[in-house]
Every structure is written in structure tokens, then in C-alpha cells.
2 protein chains.
Amino acid sequence: MTTKVEQKERTHESILESAARLVREKGIGGASVADVMKGAGLTVGGFYAHFRSKEALVDAVLRTTAERLRESLFFEVDDKPEEARIELVLKRYLSAKHRDEYEKGCPFPSVMSEVGTTAECYRGVVAEEISNMAAGLEEHLPTGGALPRKQAALALVALMVGGLGMARALRGTRLSDDVLAACRVVGARAFRG
Amino acid sequence: MTTKVEQKERTHESILESAARLVREKGIGGASVADVMKGAGLTVGGFYAHFRSKEALVDAVLRTTAERLRESLFFEVDDKPEEARIELVLKRYLSAKHRDEYEKGCPFPSVMSEVGTTAECYRGVVAEEISNMAAGLEEHLPTGGALPRKQAALALVALMVGGLGMARALRGTRLSDDVLAACRVVGARAFRG
DNA sequence: CCTTTCACATGATGAGCATCATATTATACA
DNA sequence: TGTATAATATGATGCTCATCATGTGAAAGG
């Protein structure tokens, strides 16, 4: 019995993993259930034994990828002196590597437009996870800045997600690197204590 | 003969107008050719007498809507004292009205994700128009700031487009208004001379 | 060893998509 | 008035999509 249960859990996980990759690479609409299953080494038919619907799958993808992003973004940040923390986070998030390696990075730039237009059902999850991300940043913002920390953190999220999204859309053009650099510099300057 | 030519021009214009509305409301993938034509009071078949392809249509939409955005964003901004100009632009762009009236506003939040993932063919137009928007902002940034104006302008575009995109995705939640306010305040503070 | 169960595959359903071939209809000009 | 032109409509093409009904094979538990 354990064998079967374990096997199912492993399959479930590998479907989720494949979806996490595809959703970040091609957005929600671009990640078809068939492709997700193929990415997991399976065929379409089995999908509904693991997820109630594509919507449930994407919901799970957003939760897990957002959490993993926070982990890697804030990893060992507290070892740095207070003034350098935000700079480190910005360097990690607004890097050429993060721009180019879609499938391992932040999911928001890949889905934000869709959630704003045709995929409104994910508004709740996105609100939760954006809120979590802002809370994470807030912890690391220097105290005693000129602005309420909550406000600063929220604007920082917008700058980061907006900047990475634009840099990805412009990937290959000269502007792309410029956008990353500009957001890094301005972000660090604006949120210094 | 003139009657016929004029009629065709008018139809062309109304197809473009309908597409401009739909692309901003539903994104590129969400704006089907059939719906665009219905919005212009026509049926699918006639479309290819006016545009070579859907791609050509969307290209035209991005150009015209971006230009109209710039016009309304910078309208009479020079009448204001130098220090107040950026604040006025931010107030216009990051407003609840602009967030809610998709079909009349900025096209970028509606298409940025798609251009970054599955609609890469529009990368060139988007680069051009983002560049134009940054140049417009650059003109109105106060001189003698701590940063190169080009860099400041580019980061400002990212903050604005990112902030509006997030606010639209979160529309209806408490976070949505907070994002707009945060970006307005931070933007104004960061780019004061 | 045999029966039950269930993960997964096969194949179908009905919808929506961009594009196009053909038909219609109204205007433009001889 | 009649013929040519071309804008738009009708209807079809072949595709992809999410979802599901049914089949199959292997493992679980008696």
C-alpha cells in the first residue's frame, strides 16, 4: 500500500514541477495541460487523477514557486550588515541570470498581465503571495527611513516585478540590461535608510 | 471613388479602435480577430482586407495606444513648476481611474507578460515605445539629480508599468489601492531633484 | 491465487482559434 | 443602364485547448 501511495505522491510532485517550469516559461495560457503532462513523462488522461482542474494546478504552482522564490531571495541575507541587505536582494532579483532563467525564477512577471485581464480567478493567490513577498522585504528594510516601511516594501515589489517583467519582454535588446541596472540603482538609493 | 476610399479608411480605423479596446482589456491572446470585428460591427471575413495578419493589427494597436498615452500623460505638464511635473505624471498614471479604465489607458500592463513569454514578435515595438515613454519622462525630470536622467527615467517607467500592472491584477483587493499609493509616493520622492 | 482497485493511457467531445476560398452586394464608372 | 470592382459576409479549414468516458494493466490484500 505504501508503495502505491508513495508512487502517486511522486507523480503528483513531478506534474507540479513540470507545470511550475512551463507556467513561468510560457504563462498560464501558454502552459497546456497536455504539455505539462508530457513534461512529467505522462499523457493527458491521467491529469485529473491528480488535480481537480487546471485552475487548481496553477494555483498550486503560484503558491510553491512564490515560496521558493522568497527562500532563495532572502537566503542568508541576515548575515550581511543592515545597509547592504536590500542591495543584495536587488542584485539577486534584478540580475541577467534571473531574467534569462525563467523556469527557475519569479512567476509573477510571467502571469501578472493574464491575472489582470483574462485569468482573474488567481487574483486571490497573487494578492496573498505579493503580500508575503512585501512582508519579507519589509523585514530587511532599514529602520527609520523617511517613509512607512510597508509602503516602501510594496513599491519595491512593484519596481522589482515591473523591472524584471520589462527586462524579460525586452530580452535581447540593449534596453533590457539598462532596465535591470536602472532598477537596481534606483531601488538601492530610494530605500536606503 | 472618393466615397469608397473614405469608407474603407473609416472601417480600417474602427477595426483598429475596436482592437485597441480589446487588447487593453483582454491582452493579445484574449483579443480574438472575431471579437475585434464584432466590436467594429463587422464579421471575421472582412478582416484580411484591412490587415495582413493579427500580428500586424496588434503592432498597430501598440503603436497608436502608446502614442496616445504619451499625449495624455504629458498634456500641459510644462505649465507646472519644474518640481511638480513628475508628481503630476505619477498622479495621472498611477490613479484608480487609470487602473479601472483599461480600454482607454496604457497598453503595456496588459501585454508585458505575453511579450515576455509567448508573443515575442512584439519585442521590437515594445522596445521602441518603452524607449519613447522613457524619453518623455526624461524631459520632465528635474535637472541635477543624483542619478543619470536616462537611468532615472527607465526605472520610473518600470515602477509605473509594474505598479499599474500589479494594481490591475489585484483590483478589488485592499492591496490594489495600497500599491498605487506606494508607487506614487516612492516615485515622487525618489525622483525629486 | 484471485479479485478488487486505481493510476494512467487512449481516444473522443465540443469549443474557440487564425486564416482563407468563395459568394454576395453595393457602389463606381462606361 | 449595364458591367466591373472590391468591401464585406458566409462558411469551411485544420489546429489546439480543457475536460472526460472508457479501457488496461499492475499492484494490494484477502
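Computation of the quantities below employed the complete heavy-atom set of this structure, encompassing side-chain atoms and omitting hydrogens, waters and symmetry-equivalent molecules. The chains referred to below are lettered A, B, ... by the order of the sequence lines, with proteins before strands, and numbering in each begins at 1. Not measured: the values here are computed from a predicted model.
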Of the listed D:dA18, C:dC20, C:dA7, the closest approach to the A:A49 side chain comes from C:dA7

What nucleic acid atoms does A:S32 come within less than 4.0 Å of, heavy atoms only: base, sugar-phosphate, or nothing?
sugar-phosphate

Residue A:E17 excluded, over 12 heavy atoms near CD under 6.0 Å
no

Between C:dC20 (P) and B:R52 (CZ): distance, integer Å
11 Å

Between CE of A:M37 and C1' of C:dC8 the distance, given in whole Å, is 8 Å

Distance alone, cut at 3.5 Å: any donor-acceptor contact between the side chains of A:Y93 and A:R99?
no

Taking CZ from B:F47 and P from C:dA21, how many angstroms apart are they, rounded to a whole number?
16 Å

What integer distance in Å separates A:H50:NE2 from C:dC8:C1'?
8 Å

State which of D:dT19, C:dT19, C:dC8 makes the closest approach to the side chain of A:Q7.
C:dC8

NZ of B:K104 to CD of B:E101, rounded to nearest 0.5 Å, is 4.0 Å

Of the nucleotides D:dT8, D:dT19, C:dA9, which one has an atom closest to the side chain of A:S53?
D:dT19

Establish, with yes or no, whether the OP1 or OP2 oxygen of D:dC20 is under 4.0 angstrom from a side-chain nitrogen or oxygen of A:Y48.
no

Nearest of C:dC20, D:dT19, C:dA7 to any side-chain atom of A:V44?
D:dT19

Roughly, in whole Å, what's the span from CD in A:E6 to P in D:dA28?
11 Å

Figure out the NZ/C1' separation between B:K38 and D:dT8, and round it to whole Å.
17 Å

So, do A:L137 and A:M160 sit near enough that their side-chain heavy atoms are less than 4.5 Å apart?
yes

Side-chain N or O of A:T11 less than 4.0 angstrom from OP1 or OP2 on C:dA7?
no

Classify the side-chain pair A:S72/A:R92 by whether it contains a donor and acceptor separated by less than 3.5 Å.
no

Find the distance B:K54:NZ to C:dG16:C1' and express it as a whole number of Å.
11 Å

Roughly how many Å is it from CD1 in A:I15 to C1' in C:dA9, rounded to a whole number?
13 Å

Quick check for you: among D:dA9, D:dC20, C:dT10, whose closest atom lies nearest to any side-chain atom of B:T43?
D:dA9

